[in-house]
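What follows is a set of notes on a single structure, which appears directly below.
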Amino acid sequence: MATYSNIAEASSCVGELRPPVTNHVPSIWGDTFSNHSSFDDKEREKYEEAVEALKEEARDMLMAAATPLNQIILIDTLERLGLAYLFETEIEHKLQHIKHDDDDLLHHSDLFTTALGFRLLRQHRHHISCDVFNKFVDKDGMFEDGDVEGMLSLYEAAHVRFRDEKILQEATDFTRRYLSSREAELESHLRDRVKRALERPLHRDIPIVYARIFISIYEKDPSRNELLLKLAKLNFDFLQKLYRKELSQLSRWWNQFDLKSKLPYARDRLVEAYMWCVGYHYEPHYSYVRIGLAKGIQIIGIMDDTYDNYATLNEAQLFTEILDKWNMDEAKRLPEYMRTVYRFIMSTCQDYERDALNLGKAFATPYFIETVQQLGRAYNQELKFVMERNLPPFEDYVKNSEITSCIYIMFAAIMPGFKSLTQETIDWMKSEPKIAISTGMIGRYWDDIGSHDRESKGGQVFTAIDCYMKQHGVTKQVTLSKFGQLVEEAWMDVNKEWVETTFVSAEISLQFLNYARMCDASYNNSNGDAYTDPKMAKSNVLALFIDPILI
């Protein structure tokens with residue numbers, strides 16, 4: 001077979017060429033989770049009763065909070081500790097009251113209070129004008145120095161900004177410089193909060209990952225509430241045991257296919273995939289969402305590696321055509337390794353169809369199948385771009401990348417787990433709403449930045465970075481900077497759409513926000529990819545699924 005470097009001289013044979021194959025490292029987790037002991041119903045019930053008892057005391061505390069400031073501080077603490085899902089109704093009631101009846105809170109309070117109230121209201125999809133910050137700037141539009149708590153509160157608030165909010169863009173730059181200069185001199189618990197915020201702003205952090213970190217920070221805070229700390233630890237311990245049980249269940253499901261031996265070119269990343277699942281919805285009642293997403297990500301990973309890391313153009317084209325037919329009888333036309341892939345996809349989709357029916361969401365199945373087929377066509381198009389060395393205009397590449405961001409298939413994979421899902425929700429998603437496009441492009445640009453070196457395979461394969469460089473005649477560094485800017489712009493669009501897309505339930509809209517958060521955490525500017533590189537995800541896996549929290 002010809003080598004990839006012969007493409008230019010043997011273009012007539014391009015359909016039979018394989019891309020350079022990347023040999024991925026094996027999973028570092030072995031049987032860690034497949035052999036894990038179960039979390040039985042009796043033990044779960046014991047935890048739930050203990051959590052419920054402390055929850056009632058915490059609810060009384062929240063409802064008794066006398067001032068709006070005390071209320072928002074308590075709401076913020078509950079959210080940081082990963083406890084907000086226990087008090088959704090009470091929190092929304094308090095915020096509604098603050099927005100409509102306590103106008104003084106945002107317009108006549110100090111910087112800390114104004115910024116905290118503004119951020120919380122926006123994060124709960126309330127329309128709040130950034131004009132509330134006008135009183136904190138001088139005649140030249142510049143912020144003045146304040147105390148660290150006020151600056152940190154403003155820094156966190158600035159990350160829920162929209163595109164046209166220049167005052168909050170100025171606040172972001174100003175507070176970052178201020179906090180960076182003061183970090184070393186702060187008390188331990190405040191220094192840790194500032195350090196984490198500078199590394200990853202709260203609005204962009206993964207809620208359950210941040211909760212695990214904040215429990216340790218809060219424990220060192222002299223003003224901590226012991227009841228909330230105890231509840232947070234107990235709740236996290238409960239969630240960790242639940243996650244282990246789900247991972248054990250998923251490991252047994254995954255191992256029955258034995259794809260790591262049958263498809264050696266593909267990544268074996270079930271545990272890293274499950275990290276995305278707890279990032280999407282960490283709450284205990286979204287167990288199906290986590291398990292469904294994990295299976296969906298395994299389909300995505302196998303398809304991605306088949307198209308990107310092994311298939312010839314001719315094989316990929318045939319696979320795409322047969323995937324569109326959605327008929328197991330057609331699989332005999334495929335090479336053996338692709339038959340394995342096809343059987344895995346069909347088996348997983350049959351599980352989906354059964355679960356959707358049992359959950360009363362049978363109408364979701366056709367859209368899930370459609371997104372699998374859509375992804376196959378997009379991966380196939382991407383392979384043509386690469387193997388034929390015929391880069392399209394960057395705009396065309398980006399349009400195809402909207403699909404390969406996997407935002408649509410990941411949405412479809414978890415639909416049966418949402419009580420609020422209707423056929424109208426699916427029709428809305430099919431219209432490619434702006435929140436989906438913007439969120440997907442955060443993933444796409446981060447993936448292009450974080451995995452460029454791996455996907456370019458030593459410069460042998462064209463990527464989106466090369467496409468942009470060629471079209472605009474700029475360097476790789478300029479391109480990476482541009483992609484980083486595009487991520488920031490997409491985040492501002494997501495923030496706005498999150499507030500404005502209120503005709504879709506919060507449980508459904510939240511997945512777009514959490515997808516963006518997972519992308520921020522999974523990729524970085526130093527060519528990191530926490531799905532592909534197990535070492536990058538290891539600390540979070542240990543913290544969430546293995547290392548106990550001392551109660």
Side-chain angles (χ1 to χ4, degrees), residues 72 76 95 98-99 103-182 194 197-205 433-435 437-439 441-442 445-446 449 472 478-502 509 512-513 516-517 519-520 525:
I72 61 172
D76 183 46
L95 291 177
I98 287 168
K99 180 187 176 185
D103 190 58
D104 286 353
L105 182 75
L106 296 185
H107 290 90
H108 303 290
S109 297
D110 61 10
L111 180 59
F112 169 81
T113 306
T114 300
L116 176 56
F118 175 86
R119 174 175 61 80
L120 286 174
L121 286 167
R122 278 228 175 150
Q123 287 180 315
H124 284 261
R125 307 171 90 189
H126 293 287
H127 279 274
I128 299 295
S129 171
C130 65
D131 291 347
V132 297
F133 294 104
N134 288 344
K135 62 182 179 288
F136 299 112
V137 299
D138 59 26
K139 59 181 174 32
D140 298 318
M142 302 296 291
F143 282 92
E144 298 178 359
D145 285 2
D147 61 25
V148 173
E149 287 281 11
M151 290 290 105
L152 180 56
S153 185
L154 176 58
Y155 172 84
E156 298 287 23
H159 285 89
V160 297
R161 67 187 181 276
F162 304 159
R163 272 191 193 239
D164 54 350
E165 297 180 322
K166 184 178 178 182
I167 190 172
L168 291 180
Q169 178 60 62
E170 296 290 339
T172 306
D173 300 334
F174 174 75
T175 52
R176 178 173 284 280
R177 290 192 301 270
Y178 175 93
L179 294 170
S180 298
S181 69
R182 298 292 182 89
V194 168
L198 292 173
E199 178 184 328
R200 185 160 296 120
L202 181 60
H203 181 60
R204 300 186 185 183
D205 217 331
K434 189 171 183 180
I435 192 171
I437 295 173
S438 300
T439 307
M441 295 323 296
I442 289 175
Y445 289 130
W446 262 128
I449 294 169
H472 295 279
V478 169
T479 302
L480 291 174
S481 177
K482 176 63 177 178
F483 278 29
Q485 178 189 332
L486 291 170
V487 167
E488 289 299 315
E489 292 172 358
W491 256 114
M492 289 183 274
D493 290 339
V494 169
N495 291 340
K496 187 172 185 179
E497 293 301 310
W498 164 250
V499 170
E500 295 186 348
T501 314
T502 51
S509 294
F512 299 105
L513 190 55
R517 288 166 169 162
C519 291
D520 257 33
N525 290 306

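Counting begins at 1 with the first residue of the sequence.
- Annotation: ring-ring contact (aromatic ring centres under 6.0 Å, His included) contacts involving residues 138-165, sequence neighbours excluded, comprise Y155-H159.
- Closest of all the heavy-atom pairs between D520 and R204 is OD2-CD, 3.4 Å.
- Without hydrogens or angle criteria, R122 side chain to V160 main chain gives a donor-acceptor distance under 3.5 Å.
- Sorted by first and then second residue, the salt bridge (Lys or Arg N to Asp or Glu O under 4.0 Å) pairs with a member in residues 149-161 read E149-R193, R161-E488; sequence neighbours excluded.
- In this structure, a donor-acceptor pair under 3.5 Å is absent between the side chains of Q169 and E165.
- In plain terms, the two heavy atoms of Y178 and G146 that are nearest each other are OH-O, 2.6 Å.
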**OP:** Show your reasoning for whether side-chain contact (heavy atoms from CB on, under 4.5 Å) applies to D145 and F174.
**Re:** CA-CA 9 Å; D145 285 2; F174 174 75; 3.1 Å; yes
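- You'll find the side chain of E489 reaches within 4.5 Å of the side chain of Q485, heavy atoms only.
- The shortest heavy-atom contact between R200 and D205 is CD-OD1, 3.6 Å.
- Under a 3.5 Å cut-off, the side chain of T113 and the backbone N or O of S109 do not form any donor-acceptor pair.
- Nearest heavy-atom pair, F133 versus A157, reported as atom, atom and distance to 0.1 Å: CZ-CB, 4.2 Å.
- The line from SG of C519 to CH2 of W446 is 10.0 Å long, rounded to the nearest 0.5 Å.
- The shortest side-chain heavy-atom distance between V137 and I167 falls under the 4.5 Å cut-off.
- Of all the heavy atoms in A158 and L168, the pair that sits closest is CB-O, 3.5 Å.
- We find the OG1-CG distance between T172 and L154 to be 8.0 Å, quoted to the nearest 0.5 Å.
- For the pair L486 and M441, the minimum side-chain heavy-atom distance is 4.5 Å or more.
- Between R119 and D76, the closest side-chain pair of non-hydrogen atoms falls below 4.5 Å.
- Judged purely by distance below 3.5 Å, without hydrogens or angles, the side chains of R125 and T501 never pair a donor atom with an acceptor atom.
- Of all heavy-atom pairs spanning K99 and L121, the tightest one is CB-CD2, 4.0 Å.
- Put simply, CD1 on I72 and CG on L116 are 4.0 Å apart, with the number rounded to the nearest 0.5 Å.
- Residues R176 and L198 meet the side-chain proximity criterion, which asks for heavy atoms closer than 4.5 Å.
- Ion pairing of R163 with E497 is absent here, as no side-chain N (NZ or NE/NH1/NH2) approaches a carboxylate O to less than 4.0 Å.
- Annotation: the span from K135 atom NZ to H108 atom NE2 amounts to 7.5 Å, rounded to 0.5 Å.
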**OP:** Output, in order, the C-alpha distance, side-chain angles, deciding distance and verdict of side-chain contact (heavy atoms from CB on, under 4.5 Å) for L179 and M151.
**Re:** CA-CA 7 Å; L179 294 170; M151 290 290 105; 4.1 Å; yes
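- To the nearest 0.5 angstrom, R517 atom CZ is 14.0 Å from F512 atom CZ.
- W498 places no side-chain N or O within donor-acceptor distance of the main-chain N or O of L513, the cut-off being under 3.5 Å.
- Using modelled atom types and a 3.5 Å distance limit, the side chains of H203 and N495 yield a donor-acceptor pair.
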Original post:
K482 and T479: side-chain contact (heavy atoms from CB on, under 4.5 Å), yes or no, with the steps?
Top reply: CA-CA 5 Å; K482 176 63 177 178; T479 302; 5.5 Å; no
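- Annotation: the span from C130 atom SG to L106 atom CG amounts to 12.0 Å, rounded to 0.5 Å.
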